[in-house]
Amino acid sequence: MSAPLFLGLDLSTQALKASLLDEHLAGIDELGVRFDTDLPSYHTTGGVLPSDSELLRGVPDAVGAPVRMYVAAFDLLWERAAARGWEMHRIAAISAAGMQHASVYLAKKALDVLASPDDAAPLGAQLDDAAFSRAIVPNWQDASTRAECAQLTRLAEITCAATAKSVHGRASDVPALSRITGSTAQTRFTAAQIMRFRRDEPDAYANTARIALVSNFVASLLCAGSSVGVAPLDESDACGMNLLDMADGKVQWNESLLALVAGACDAEGRAACDASASASASAELKRKLGTVACDPTQPVGTVGTWLQKRYGLQSSCIVCLSTGDNPATLQCIAPRHGEAVVSLGTSDTAFVPSRTYAPSVEHHTFAHPASLAHAGTNYSLATPPYFLMLVFKNGSLAREWVRDTYCDADWSSFDKSLCRTDACDATGFYWLRPEIIPYDARGVHRFVRDNGDDWTRVESFDDPLANAAAIVMSQCMAIRVRIGQILGDTPLERVYVVGGAAQNRAICSMLADVLGCQVVRPLVSGHDASGERIEYNFTSVGAACRARWVYECSARKKRGESLVSYEETIALARGDTCAYEVAATPRNSSTYAAFESAWRTLEQRALNESV
Ligand code: ADP
Ligand code: XUL
């Protein structure tokens, strides 16, 4: 029997990617399907429909994508993997990551197809329009649900007041919804999205057999042709729904919020219908959502007949719980206390592990994807139970806009502007889509220093290239300020940088200068199938690492041995092969430390002007 291989998938905003690793977690190959270019018939830009697309029906701030595009990408990915000659029979376990919060609405037909697909045909041909109750699914960039967010916030305040509940003794300036679910109300989170769908399209909602996140939807596709049906939600990813009650150290559905989303009560907590109809509306939503699995070592099942017959995977190949793209990235790096991961993908995100449940107005508190704290067993393993995450919506796509508008559509011109700047005399806020931090900030705002602490708002910079330095510096300042709040007195020692923009050295240098610490890029040893050294995608690598862990734990369980922690598994598997390279060391961080307070004032000014 040849040595096992481990596969991680990443269905993110702009692409479906796959990383194939060996048992030492060295790279064997990586593949991708880019939605815009590889699947042009779906007419997406940056993986989503253009804002004037008729399919978005004119809903303000709606951002969505055709759900069938994701299935078509899944089909194409496997075709490409087969064409690359992957040794499918060696794949021992697979896990996926999915863009967070986005949801998929399955009609009864989808469940029938997943239970018994035609193994000779692509899944895209079988999971047709009738298989989904919602053709265009909301993307995490959607901001169309502010009214629903207000209702969730209100109900949480009432619920907390009614029970006089001080969740984990958190300070009262943290809104109740955040104390309960780990996050303030977020337009992109699944609770608000489901609520709007139920209200706007009641028949389609009624016709929905199951609601999945992207992560468990992909896990379900991997299981097509097995008895799994729809895979359970992963605890860490499900924290991004505004629906789980994370207080009191347990993770379970919050019944009040569930009732509001299901239409069983209003935002004041008044029953919307008679008691039995209310109960059945809540129960129906719970059924649609299925279960939340809190033990990531517990496999979902094994690959179904579709992957076995069509591509030659073994019937023993484990399908693991799939998690969100950010939890998967965190899992790949496993940062320590005092370290952070910054992911520069479509969104810019930053995360740090946390031993405590620490809800706040600005960051999200999620269950750690490799923690067994809520698994209901007596494991006492080292992984911290939570991680804290900052999300900035205007990340790469805003940088691309600046590149295309002011820098000859060329990264090297963009980079030159960054290298020229080491002064804080011009800055800007490029909130092209309604921002997440600060909440709902909009528009482009530029400022230049007159002298001293006086700043003037300007329509444009004299030198258009200055926009590149202004956006990147300001994006890095936004991370600096919030990470500083989270870490308090603990110094930030190292930042791991990943995502598409991490390959840009000028951006990494700015990040190191502004954050005042070393910025490193993790490395996956190994090459791709053609022998080339490539940059692996850490989200799909993180998913493959989970697959390696679950495989190890399953083998130990079979031998009657105790489980092993995620970190230990990864360290043992990698041996000495795990490494990172220094992308940048800080040069002039005192400049940015001194600039912090002025920058905060400017951010507030821009925010005041954006409403
Ligand atoms: P996601 O996982 O969200 O789909 P990726 O992590 O693949 O996104 O990142 C894609 C982004 O990476 C692109 O939108 C692009 O702007 C950015 N990117 C790629 N190469 C560079 C570069 N050399 N400099 C800056 N940004 C880059
Ligand atoms: C996280 C978020 C984004 C998406 C990107 O809360 O909304 O980072 O996960 O896919």
Side-chain angles (χ1 to χ4, degrees), residues 9-17 19 30 32-37 44-48 63 65 73 97-103 138-143 182-184 186-190 193 213-215 236-237 239-242 323-330 341-351 362-366 387-404 407 409-415 418 433 435-437 468 471-472 475 497-511 535-543 583:
L9 306 184
D10 168 24
L11 202 164
S12 61
T13 316
Q14 306 191 50
L16 171 61
K17 302 165 206 165
S19 302
E30 183 159 286
V33 173
R34 290 208 80 78
F35 304 140
D36 294 357
T37 45
T44 58
T45 304
V48 296
V63 181
M99 70 180 114
Q100 295 199 262
H101 326 296
S103 37
N139 179 271
W140 64 272
Q141 295 168 93
D142 186 285
S183 298
T184 53
Q186 298 290 321
T187 50
R188 68 195 192 286
F189 276 34
T190 330
Q193 293 293 340
L213 293 175
V214 170
S215 56
S236 184
D237 202 19
C239 291
M241 300 175 87
N242 271 150
T323 190
D325 51 2
N326 293 299
T329 307
L330 174 92
V341 179
V342 171
S343 169
L344 304 173
T346 308
S347 58
D348 287 347
T349 56
F351 16 87
E362 288 196 319
H363 64 245
H364 306 304
T365 305
F366 285 176
F387 76 98
L388 312 180
M389 177 165 84
L390 302 164
V391 185
F392 303 91
K393 190 187 288 181
N394 294 286
S396 280
L397 297 181
R399 286 187 289 273
E400 279 178 30
W401 178 80
V402 167
R403 178 200 62 184
D404 296 346
C407 309
D410 174 33
W411 283 125
S412 61
S413 312
F414 182 98
D415 297 353
L418 264 63
R433 287 194 194 273
E435 188 46 272
I436 295 167
I437 309 172
I471 186 174
V472 176
Q475 288 173 326
V497 65
V498 298
Q503 58 188 284
N504 184 312
R505 291 209 168 257
I507 294 178
C508 290
S509 290
M510 180 71 87
L511 192 63
E535 296 279 347
Y536 274 84
N537 166 47
F538 287 92
T539 308
S540 39
V541 169

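Bear in mind the structure is a predicted one, so any value in this text is a computation, not a measurement. Just follow the structure's listing: the first ligand is 1, and inside any ligand the first atom is 1. In this chain, residues are counted from 1 in sequence order. Computed from heavy atoms alone, side chains included, the values below leave out hydrogens, waters and symmetry copies.
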Are any of the N or O atoms of [X] closer than 3.5 Å to those of ligand 1?
| X | value |
| --- | --- |
| G499 | no |
| D10 | no |
| R34 | no |
| S347 | no |

Mark up the atoms of ligand 1 that fall under 4.0 Å of a heavy atom belonging to [X], in ascending order.
| X | answer |
| --- | --- |
| T13 | 3 (O), 4 (O) |
| E400 | 13 (C), 14 (O), 15 (C), 16 (O) |
| Q503 | 20 (N) |
| S12 | 1 (P), 2 (O), 4 (O) |

Close approach, N326 and ligand 2, non-hydrogen under 4.0 angstrom: yes
Proximity flag Q186 to ligand 2, non-hydrogen atoms under 4.0 Å: no
To the closest 0.5 Å, what do you measure between [atom1] ([X]) and [atom2] ([Y])?
| X | Y | atom1 | atom2 | answer |
| --- | --- | --- | --- | --- |
| T346 | M99 | OG1 | CE | 9.0 Å |
| I436 | F189 | CD1 | CZ | 8.0 Å |
| T539 | L11 | OG1 | CG | 11.5 Å |
| E400 | F414 | CD | CZ | 9.5 Å |

Part of K17 within contact of ligand 1 (heavy atoms, under 4.0 Å): side chain
Location of contacts on R399 toward ligand 1, heavy atoms closer than 4.0 Å: neither
Which heavy atom of the protein is the closest neighbour of [atom], given with residue, atom name and distance?
| atom | answer |
| --- | --- |
| atom 2 (C) of ligand 2 | H101 NE2, 3.6 Å |
| atom 3 (C) of ligand 2 | S347 OG, 3.5 Å |
| atom 26 (N) of ligand 1 | W411 CZ2, 3.2 Å |
| atom 7 (O) of ligand 2 | R188 NE, 2.8 Å |
| atom 24 (N) of ligand 1 | N504 ND2, 3.0 Å |

Less than 4.5 Å apart, side chain to side chain, heavy atoms only: is that true for [X] and [Y]?
| X | Y | answer |
| --- | --- | --- |
| H363 | F387 | no |
| L344 | Q475 | no |
| V391 | Q186 | no |

Please report the shortest heavy-atom distance between [X] and [Y], naming the atom on each side.
| X | Y | value |
| --- | --- | --- |
| D142 | K393 | O-NZ, 4.3 Å |
| S540 | S19 | OG-OG, 2.8 Å |
| C508 | V497 | SG-CG1, 3.9 Å |
| P138 | Q193 | CB-OE1, 3.3 Å |
| S12 | D325 | CB-OD2, 4.4 Å |
| F392 | I437 | CD2-O, 3.5 Å |

Which atoms of ligand 2 are found less than 4.0 Å from any heavy atom of [X]?
| X | answer |
| --- | --- |
| M99 | 10 (O) |
| M389 | 1 (C), 6 (O) |
| T349 | 8 (O) |

Side-chain donor-acceptor contact under 3.5 Å, D36 with T44: yes
Check: N326/T349 side-chain N/O donor and acceptor closer than 3.5 Å: yes
Within reach of ligand 2, part of I436 (heavy-atom separation under 4.0 Å): neither
Residue portion contacting ligand 2 (non-hydrogen atoms closer than 4.0 Å) for K393: neither
Any N/O pair D325/ligand 2 closer than 3.5 Å: yes
Ligand 2 N/O within reach of H364 N/O, cut-off under 3.5 Å: no
Please state which option from [options] has its nearest heavy atom closest to [atom].
| atom | options | result |
| --- | --- | --- |
| atom 4 (C) of ligand 2 | W140, F366, F392, F189 | W140 |
| atom 1 (P) of ligand 1 | T346, L11, V472 | T346 |
| atom 19 (C) of ligand 1 | G500, S396, G32 | G500 |

Identified side-chain contact (heavy atoms from CB on, under 4.5 Å) counterpart of Q100 within the set H364, M241, M389: M389
